[in-house]
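Input: a single structure, listed below in C-alpha cells.
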2 protein chains.
Amino acid sequence: MATTTTAPLTESAGEVFAQLARLNRATRPQLAAACALSKPTVSSAMAELESAGLVARDGTAHGSTGRSAAVYRLAADAGYVLAVDRGHTQVSFRAIALDGTVLDEGQSTRLDRAWSMLAAARRRRTADGPLRRAVVAVSDVVLPDPAADPETARRVADAVESLRLPGQVPVAVENNVNCAAIAELHDGDGSGEGPGGRDTFVYLQVGVGIGAGIVIGRRLLRGRNGAAGEVARLAYPWADGREPGHEALEARIGSPGLMLQVSGAWRADDGPLPADPEAVFALAAEGHPRAAALVARHAAEVGKLAVSLTAVLDPGLVILGGGVGRNPLLTAGVAETLARLGWPTKLEVSRLGEHATVLGAAHLAREHGINAVVTGA
Amino acid sequence: MATTTTAPLTESAGEVFAQLARLNRATRPQLAAACALSKPTVSSAMAELESAGLVARDGTAHGSTGRSAAVYRLAADAGYVLAVDRGHTQVSFRAIALDGTVLDEGQSTRLDRAWSMLAAARRRRTADGPLRRAVVAVSDVVLPDPAADPETARRVADAVESLRLPGQVPVAVENNVNCAAIAELHDGDGSGEGPGGRDTFVYLQVGVGIGAGIVIGRRLLRGRNGAAGEVARLAYPWADGREPGHEALEARIGSPGLMLQVSGAWRADDGPLPADPEAVFALAAEGHPRAAALVARHAAEVGKLAVSLTAVLDPGLVILGGGVGRNPLLTAGVAETLARLGWPTKLEVSRLGEHATVLGAAHLAREHGINAVVTGA
DNA sequence: ATTCGTTAGTTTAGTGACTAACGAACTTGG
DNA sequence: CCAAGTTCGTTAGTCACTAAACTAACGAAT
C-alpha cells in the first residue's frame, strides 16, 4: 500500500523510482543502466521499493538469448497527480499516474461544469493511491516564489480554492506558455532524439496573445519576475521618431491585431470581411489575393519576432504554436524572414495543438509528484 | 614538483584543489566547509595533493581561541595560464597562477610588439610550473564546437600560431563580450553577495559595436551558433512599413551610429562638430543643449535595447559596459526607459572598464587550467 | 537431449566518504 | 603556572556503493 507520507527513500532507491516512473516499465538491468548504478545497488533499491509498496512486478521480458528478466512498474496505488489548464475560453484537466498513465481527462467551456467534472474525476480515483500534487496553468505571469508577491499568492489560493482539494495537497501555479514549452520538451516531435536534439529551444506562441517559453539545456527559464519569454514587451514600434508602446507588439501580432490589419486593408471588392483569423487563412488558402497578402505580411511580422528571439538567445530551434502560429500558411514566411535576418535556426510547427498546455502542466505535476515520493514529503 | 600530466586525482581531492585555488589561502576546516566534505576526507585529500606536489603549507592561522590551523596554498609550481584580449585597436594579455595571482601583464596597440611582450613574459615564467591553458578573446562569434566550423577552426589555429605556444598547450577562443560578462560574474561589484545577487544577468556592451553577454544561473549562455547575445541582429527598425536591415541596430546604437546622429543634428551655432562620443558627452556634461538632447535620445535607444533584452530574458539585472555604455550621462535615461517599458530590473554600470575582457578570459583560462589538473589531463 | 553462449541476479570483498569520539594544541582567566 | 574551554586533526567504526566472481535461467546449436 502506498502511503501519503513515508520515511524518505535512500538516494539510490529514489533515483530508481524516478527512472521507473519515467520509463513506465523496465527491467533491473535497464534501471541500472539508466541510473548509472550497479546491479547490487538496484537490487537493494528494488527490495526497498517493493517493501514500501511503491513498485510491483509486471511480467517477464524474454530477450533473443539469455535468462529472462523480471519487469517492474509502479504500484497501481503509488499515487497520481492533477493538471488543470485554466484558459480564458475553456478549462481542461488531466489526471495521470506517476508513470504517466492517463487516468482521466476532460474539458469544458463552462467553468462550473469543468469544476464538477473535475470533482467527479477525483471521486473516481479511489484505487490509484493519494493525490500527490496539482499544477494549474494560468495565462498570467507567475512569480518564481509565490509567497513573495501577494498577487501571485492570491492566485494560488484561488486555484486551490476552486479545485476544492482535500487538506494539504500542494498546488503549483505555472504560466500556460511555459507549460506548453515543457510539453514540447518531453512530448514534442523529436524529443527522443540524441544530445542537442531538443535540449534548447524557444516555443513561440501566437494566438490571442503572444508569448514564448524558453528552454535552455532541458530547463525552463523563468526569469527574476517570472516574466522570461513575455515578448509582448519587446520594444515595438522601434524606429527613429517612434515611441514604443506598452505591450504594443502583442496588439500588433496577436489575433486581434491581425484582424485590425485585415479590416483596415479590406476593400469593397474583396467580398465580406472575414470574422476571425481562421477565415482569413481559409481565404488565403483559396488564393484570395488580399487575404494572401495580409497573411504574408503577418508571417513577416512573426518572423521578425522570431529573429529578435534568436538575436538574443540563438537557441537553434524555434517551435511555433498557438492558434495563429500553428497555421501552415504562416510557416514559409516566418522561415524566410528568420533565414534572412537571424542566425541559422530550425523552424518547426508544434504538433501538440491545444493540448500542449495541459500536457506540460501534467508533466510538471508528475515531476513534482515523483519528487514528493522520493523525498518522502 | 608539479608535473604536466599526472594520474587523475580522486574526486574529493580534485574538489579540494579547485576550492583551494579559488580561495587562494585556506585552512582545512575552511576547505571542509567550502567543499561540504568531512574533516577526515579533507585530510586524506590534502595528503594526496601534497604528495603530488600540487599544494604546500603556507603558515599557520591563529584564531581567537583554540588550536591553530595549518594554512595551505597551491604549490608555487602548480602551473599558470594565459589570457589574451585580441582587440581591434590593441592587444592585452595576462598571465596568472591557478590561484589567481597575477604573474605578468601587458598591452600594446602595436600587434608585433604585443606578441614579443607576450613571448618575453612566457620566458620569465620558469618557476611557475607548466603553462596549462590559454584563452584568446576575439570580437567574432565563436562556435561552441570549433572543430565543426572551418572558419572558427582557422581562427583557433591562427591564435595558437600567433601565440607561438609550445607543443600541446590547449588554446580556447572565446567571444570578448562573453569574457567581459564572465568577469562581471566573478570580479564585478556585488559578485560576493548571497543567492540571486549576481547569478543571472545580462552584460550589455555599447561601444563601437554592440553585444550582450548572458549569464543564467552563473553559467554563460553561448547559443547554438555561439551567437547568443549578438543583439546586433535584433529586428530594427521594426514598425509598419519599415524593413529591418541586417545588423541595422548596431549601425544605429554603436558609436559610429551615435556620431552619425550627431553630425546630422548639428547646427552652425552649436559650435565645432565633436569628433568622437567622448567629446559629445563632455559637451553634454557642460550643459550644451544640442549635445544633451542627443545624449538623452541615445540613452533612450540603449534603453529600448535593454527593454528588449528584459522582455526575452527577465534577468533582473542589466550591467552596462563598453566605452559608450559606461558613460554616467547615459545611465539615468536608460534606467528611465527600462523602468517605463520593461520588467522590474536593476541597472548597474560596469566598474571593470576596459580590463573586463582580459579579466574574464583569465578567469576562463584559470577554470580550464584547474580542470586540467583535476582531471589529470 | 545435451552442451554452449548469453543474460539475470546474488555473493563477496574492497573503496571512499561519513559520523563520532578522542588526543593535541592553543588562548584565556584565575 | 595551571585549569578550563575551544578548535584542529586523527583514529575507529559504519554505511553505501562498486567491481568481480559466481550461480541461475534461458535460447540455440549440435
Side-chain angles (χ1 to χ4, degrees), chain A residues 6-20 23-52 54-74 373-376, chain B residues 6-20 23-52 54-74 373-376:
Chain A
T6 336
L9 301 168
T10 62
E11 199 183 313
S12 59
E15 215 170 320
V16 169
F17 180 84
Q19 276 300 338
L20 184 56
L23 295 171
N24 215 322
R25 277 167 46 89
T27 66
R28 293 198 204 194
Q30 285 171 349
L31 289 167
C35 302
L37 291 170
S38 67
K39 291 191 282 179
T41 305
V42 171
S43 216
S44 62
M46 293 310 291
E48 186 180 342
L49 293 170
E50 249 182 312
S51 78
L54 289 169
V55 309
R57 275 291 300 271
D58 186 30
T60 313
H62 296 261
S64 65
T65 167
R67 179 174 170 180
S68 48
V71 178
Y72 292 86
R73 59 167 173 74
L74 297 200
V373 172
V374 166
T375 59
Chain B
T6 335
L9 300 169
T10 61
E11 199 183 312
S12 59
E15 215 170 317
V16 169
F17 181 82
Q19 275 299 338
L20 184 55
L23 295 171
N24 214 321
R25 276 166 49 88
T27 66
R28 294 200 204 194
Q30 285 171 346
L31 289 167
C35 303
L37 291 170
S38 67
K39 291 191 283 177
T41 306
V42 171
S43 215
S44 62
M46 293 312 290
E48 186 180 343
L49 292 170
E50 249 183 312
S51 78
L54 288 169
V55 309
R57 274 293 299 271
D58 186 30
T60 313
H62 297 263
S64 64
T65 166
R67 180 174 169 179
S68 48
V71 178
Y72 292 86
R73 59 167 174 74
L74 296 200
V373 171
V374 167
T375 59

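Within every chain, numbering begins at 1; the chains are lettered A, B, ... in the order of the sequence lines, protein sequences first and strands thereafter. Atom set for the values below is all heavy atoms of this structure, side chains included, hydrogens, waters and symmetry mates excluded.
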What's the [atom1]-[atom2] distance between [X] and [N], to the nearest Å?
| X | N | atom1 | atom2 | value |
| --- | --- | --- | --- | --- |
| B:L37 | C:dT19 | CG | C1' | 14 Å |
| B:R57 | D:dC8 | CZ | P | 13 Å |
| A:L31 | C:dA8 | CG | P | 12 Å |
| B:M46 | C:dA17 | CE | P | 15 Å |
| B:E11 | D:dT18 | CD | P | 12 Å |

Remember a base hit wins even if backbone is also touched, and classify [X] as base, sugar-phosphate or nothing at under 4.0 Å, heavy atoms.
| X | result |
| --- | --- |
| A:S12 | sugar-phosphate |
| B:A61 | nothing |
| B:A13 | nothing |

Report yes if some heavy atom in the side chain of B:V71 is under 4.5 Å from a heavy atom in the side chain of B:R73; otherwise report no. no
Contact between A:L54 and A:L9 at the side-chain level, heavy atoms closer than 4.5 Å - yes or no?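 Yes; the side chains approach each other to less than 4.5 Å.
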For A:R28 and C:dT7, is the shortest distance between a side-chain N/O and OP1 or OP2 below 4.0 Å? no
Looking at residues at least two apart in the chain, or sitting in another chain, which of them share a side-chain contact (heavy atoms from CB on, under 4.5 Å) with B:S43?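 Result, side-chain contact (heavy atoms from CB on, under 4.5 Å) vs B:S43: B:R28.
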In terms of heavy-atom contacts, B:C35 and B:V16 come closest through SG-CA, 3.9 Å
To the nearest 0.5 Å, what is the distance between OH (B:Y72) and CE (B:M46)? 5.0 Å
What's the spacing between A:L74 CG and A:L49 CG if we round to 0.5 Å?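 One finds 9.0 Å between CG of A:L74 and CG of A:L49.
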I need a per-nucleotide contact map over nucleotides 19-30 of chain D, read 5' to 3'. Cutoff is protein heavy atoms under 4.0 Å; write B for the base, S for backbone only, - otherwise. B----BBBS---
